[in-house]
There are 2 protein chains.
Amino acid sequence: MKNISKEDYLRIIFKHKNSDGEIKPNLIAEKLSVSNAAVTDMIKKLSHEGYTNYQKYKGISLTNSGETYARNMVRRHRIWEIFLNQVVGIPWDKVHDEANRLEHSSSDELINRLDELVGFPRYDPHGDPIPSKEGKMPKQKKYIALSKLKEGDSSVVVRVNDFDEKFLSYIAGIGIKLNETIKLLEKRDFDKSMLITIKGKQWNISEKLAENVFVEVKK
Amino acid sequence: MKNISKEDYLRIIFKHKNSDGEIKPNLIAEKLSVSNAAVTDMIKKLSHEGYTNYQKYKGISLTNSGETYARNMVRRHRIWEIFLNQVVGIPWDKVHDEANRLEHSSSDELINRLDELVGFPRYDPHGDPIPSKEGKMPKQKKYIALSKLKEGDSSVVVRVNDFDEKFLSYIAGIGIKLNETIKLLEKRDFDKSMLITIKGKQWNISEKLAENVFVEVKK
DNA sequence: TAAAAAATTTAAGTAAGCTTAAATTTAAAT
DNA sequence: ATTTAAATTTAAGCTTACTTAAATTTTTTA
Ligand SMILES: [Mn+2]
Ligand SMILES: [Mn+2]
Ligand SMILES: [Mn+2]
Ligand SMILES: [Mn+2]
């Protein structure tokens, strides 16, 4: 294939498909910042080429071939992220956009070599699982959204949504990162905002923020 | 700008312009594997945007702005090459194509960081000078083509042309690399082929090959 | 220096990947 | 069950970066 746009569509479909393996055009359009019309066009092409299944007005899904291609794109993306973070030394909240471009510009041999250099990690800097060279997905750790915590709960950060760099640098700024402990002190009913503790400091966070940070509750 | 095609045109113009700073459409077309008509089209666009000077049927040259942009592209290309070679461990004869893509997909911040990681080298794995962040070009070492050696001369490899991976892996296979010593034993008049010694082994090489390897004669 | 060859430009056309606007279908709300 | 709203598709059109073929200019060679 070797086509930046198509590769982006496939990776986004893979990442955001629901539990039935389906995704709506609307969501793709939003994630890629293109019009719905552009999505319809592209999905028709991808379906012609055997990467997606498409029926008018129905949910879109990946074929086996599309699934394989997409999983490899996810692998490329996440390996670049972790390589940039661990070897190049770019902060974990800054690697996403760079990886988003590099993922299209490197051979599989290079990706495999980078993977080797960082020691075949199973999760990327945001806690997302990295498919192996053979396409196997590590189990995603169990987690709940930070917004679902009960007052008094202590938790450990397991994953964060990585699509908005502004969001990431904000949470990095208040000390949220993988494996960090977060305790919920208060939750306000009227706007669902929360008061939390990180490394002894207290912070007020919005519901929106809390919905994009995922934690494991500590017993 | 942020446009892969235009960036490739600028880098190629920079690399292959003659001593007057000019280049013919024909050569650009050849280096980029596109038609002459495509070159005319693109040069018109680049000229409109202030990156090149263009008059029908005359040689093409870079403006100040084009020169700056192009030099940065060369920097990106060569830093990727040396990073891939030194940090990632890809053989020097295999880095060119990979760099050719990566050069368009990385921020200046990333390039500067890679530069730092490899210790601000002045030459790439093929002996070509790497422009500094400020755009300063290290002096190119003095050299002559291997094909210009006299029988009996001993020499050191200073630079090799890097545009054909087949060529590079062939010469890498016979032991040619930067700083390697090459001695010319015989040169045949009828086809200009040569018999050389590298690390005690003798090799017959064609004139074509010898024209793409550059050496400094040892006294 | 005239003829032939090569290089360059112009013209016409294509495919990809978008856009906006209008038409159609599906989902949500009353 | 209608009506309204939202999502989706179709239609028409744009830009970019190419192509081939024909016309033009420059360079080379006889
Ligand atoms: Mn991408
Ligand atoms: Mn990530
Ligand atoms: Mn390139
Ligand atoms: Mn090089």
Side-chain angles (χ1 to χ4, degrees), chain A residues 1-14 16-62 66 69-70 73 100-101 103-105, chain B residues 1-14 16-62 66 69-70 73 100-101 103-105:
Chain A
M1 176 190 303
K2 236 325 114 208
N3 178 309
I4 294 179
S5 292
K6 286 178 185 166
E7 290 187 344
D8 276 339
Y9 276 83
L10 290 179
R11 182 167 68 75
I12 290 299
I13 294 170
F14 182 92
H16 295 99
K17 63 187 154 92
N18 64 22
S19 48
D20 294 338
E22 299 203 330
I23 188 173
K24 296 298 194 66
N26 212 22
L27 184 56
I28 301 176
E30 185 195 320
K31 292 298 172 190
L32 293 176
S33 303
V34 297
S35 67
N36 285 344
V39 173
T40 306
D41 264 19
M42 184 61 97
I43 295 300
K44 283 180 179 172
K45 286 177 201 162
L46 286 170
S47 297
H48 260 114
E49 295 167 27
Y51 293 108
T52 50
N53 301 303
Y54 172 66
Q55 298 181 108
K56 273 191 194 185
Y57 298 105
K58 295 283 158 52
I60 295 152
S61 64
L62 294 165
Y69 203 113
M73 288 311 300
N100 219 12
R101 294 185 298 267
E103 64 188 1
H104 308 287
S105 313
Chain B
M1 176 190 302
K2 237 323 113 210
N3 177 309
I4 295 180
S5 291
K6 285 178 187 168
E7 290 187 343
D8 276 338
Y9 276 83
L10 290 179
R11 184 167 66 76
I12 290 298
I13 295 170
F14 182 92
H16 295 99
K17 63 186 153 89
N18 62 24
S19 47
D20 294 339
E22 300 203 328
I23 188 173
K24 297 298 195 63
N26 213 21
L27 184 57
I28 301 177
E30 184 195 321
K31 292 299 171 190
L32 292 177
S33 303
V34 297
S35 68
N36 285 344
V39 173
T40 305
D41 264 19
M42 185 61 96
I43 295 301
K44 283 181 179 171
K45 287 179 201 162
L46 286 170
S47 297
H48 259 113
E49 295 168 28
Y51 294 107
T52 49
N53 301 303
Y54 172 65
Q55 299 180 110
K56 273 195 195 181
Y57 298 105
K58 295 283 158 54
I60 295 151
S61 63
L62 294 166
Y69 203 113
M73 288 312 300
N100 219 11
R101 295 185 298 268
E103 63 189 3
H104 309 287
S105 313

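Side-chain atoms are counted along with the backbone in the values below, which use heavy atoms only and exclude waters and symmetry mates. Predicted model only: the values in this text are computed from it and were never measured. A, B, ... follow the sequence lines: proteins, then strands. Residue 1 opens every chain.
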message = So, using side-chain hydrogen bond (donor to acceptor under 3.5 Å, both in side chains) as the criterion, who are the partners of A:Thr40 when residues are at least two apart?
response = none
request  = Find out whether B:Asn100 and B:Arg11 are in side-chain contact, i.e. whether some heavy atom of one side chain is under 4.5 Å from a heavy atom of the other.
outcome  = yes
query = In degrees, rounded to 10°, what is the bend between the two ends of the helix from C:dT1-D:dA30 to C:dT30-D:dA1, using five pairs at each?
reply = 10°
inquiry  = With heavy-atom distances below 4.5 Å as the criterion, would you say the side chains of A:His16 and A:Phe14 are in contact?
reply    = no
Which atom pairs, one a donor and one an acceptor, fall under 3.5 Å between side chains of residues 22-34 of chain B and the rest of the protein, sequence neighbours left out?
residue, atom, partner, partner atom, Å
B:Asn26, OD1, B:Asn36, ND2, 3.4

Distance, rounded to the nearest Å, where B:Leu46 contributes CG and D:dA17 contributes C1' = 12 Å
key: salt bridge (charged side-chain N to carboxylate O under 4.0 Å, His left out) against B:Lys45, all qualifying residues, sequence neighbours excluded   = none
Residue-phosphate contact under 4.0 Å: A:Lys44 side-chain N/O, D:dT10 OP1/OP2 = yes
query = Within a strict 4.5 Å, meaning less than it, do heavy atoms of the B:Met73 and B:Asp8 side chains meet?
reply = no
note = By ring pair (Phe, Tyr, Trp, His ring centres under 6.0 Å), A:Tyr51 pairs with (sequence neighbours left out) A:Tyr69
request  = Could you check how far CG of A:Asn26 sits from P of D:dA5, rounded to whole Å?
outcome  = 18 Å
message = Does any part of the side chain of A:Ile43, heavy atoms only, come nearer than 4.5 Å to the side chain of A:Ile13, both counted from C-beta?
response = yes
query = For the pair made of CG in B:Asp8 and P in D:dT16, what is the distance, rounded to whole Å?
reply = 17 Å
remark   = Contact string for nucleotides 15-24 of chain C, one letter per nucleotide 5' to 3', B = base within protein heavy-atom range under 4.0 Å, S = sugar-phosphate only, - = neither, reads -SBBBB---B
query = With nearest nucleotides of DNA chain C determined for A:Lys24 and B:Gln55 from heavy-atom distances, which residue corresponds to the more 5′ nucleotide?
reply = B:Gln55
request  = Please state how far atom OH in A:Tyr54 lies from atom C1' in C:dT25, giving the value in whole angstrom units.
outcome  = 11 Å
